[in-house]
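To start, the structure itself, in structure tokens.
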Amino acid sequence: MTCVGIGAHRGTLRVIAIYPGTFDPPTNGHLDLIQRGAKIFDQLVVAILGNSEKTPLFTLEERREMLVECTGQWPNVRVESFQGLLVDYARSLGAQAVLRGIRAVSDYEYELQMAWMNRKLDPSLETVFMMPAGAYSYLSSRLVREIASLGGTLASMVPASVESRLRARLGVAGPPISGRK
Ligand code: PNS
């Protein structure tokens, strides 16, 4: 029997996936997902959206620097930024998949809508959902920004380098980073 379909080509096919997002700032939840994605895709491109409707706390370049600092240990991960439609960017990279994280049921509706819309725009692009570790199921960049602005602890929510940048940007001191567990 002759095998057809993706399995038949898997020996030579190199799967490039994009992990798109705003990353304002990157959190340990994002890094957890990047680590998981790096294990199953040949190349993972962490792609920061440049033309978001949101007004970010960090510039595109700052977010890129933070992500580069935090992802250096995975050789098949690189950080880029993009403008415009995700499907167009994916096509320009030759990417076959989009990686998105689902933390809880509340994420599902928004993510499903985006995945369906991306499929409508480009049926050849697959969306792959992965769950971060349970410890990150309630973590979001928005809450991290809020906690930082109110001087709360960010222990185990963001890398120390991101925490330093947050504190500096917001001008609000928090518990000492060195003393955290
Ligand atoms: O981290 P976020 O803010 O949830 O990421 C949202 C993102 C960047 C994945 C989404 O807004 C996106 O892909 N924007 C690019 C523009 C686009 O393609 N829009 C149609 C998608 S359905």
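Atoms within a ligand are numbered from 1 in the order they appear, just like the ligands themselves. Note that this is a predicted model, so its numbers are computed, not measured.
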More than 12 heavy atoms of other groups within 6.0 Å of [X] [atom1]:
X	atom1	value
M130	CE	yes
Q73	CD	yes
M131	CE	no

Can you confirm whether W116 sits close enough to T127 that some side-chain heavy atom of one is under 4.5 Å from a side-chain heavy atom of the other? no
Can you list the ligand 1 atoms lying under 4.0 Å from a non-hydrogen atom of [X]?
X	answer
M117	22 (S)
N118	21 (C), 22 (S)
G84	15 (C), 16 (C)
L86	13 (O), 17 (C), 18 (O)

Protein non-hydrogen atom found under 4.0 Å from atom 6 (C) of ligand 1: yes
For ligand 1, which is the ligand I care about here, please tell me if E111 has any N or O atom under 3.5 Å from one of the ligand's N or O atoms. no
Quick one: nearest non-hydrogen protein atom to atom 9 (C) of ligand 1, plus distance? R100 NH1, 3.4 Å
Mind telling me whether F23 and H30 have parallel, tilted or perpendicular rings, with 30° and 60° as the class edges? perpendicular
Between T22 and R63, which heavy-atom pair has the shortest distance, and what is it? O-NH1, 2.8 Å
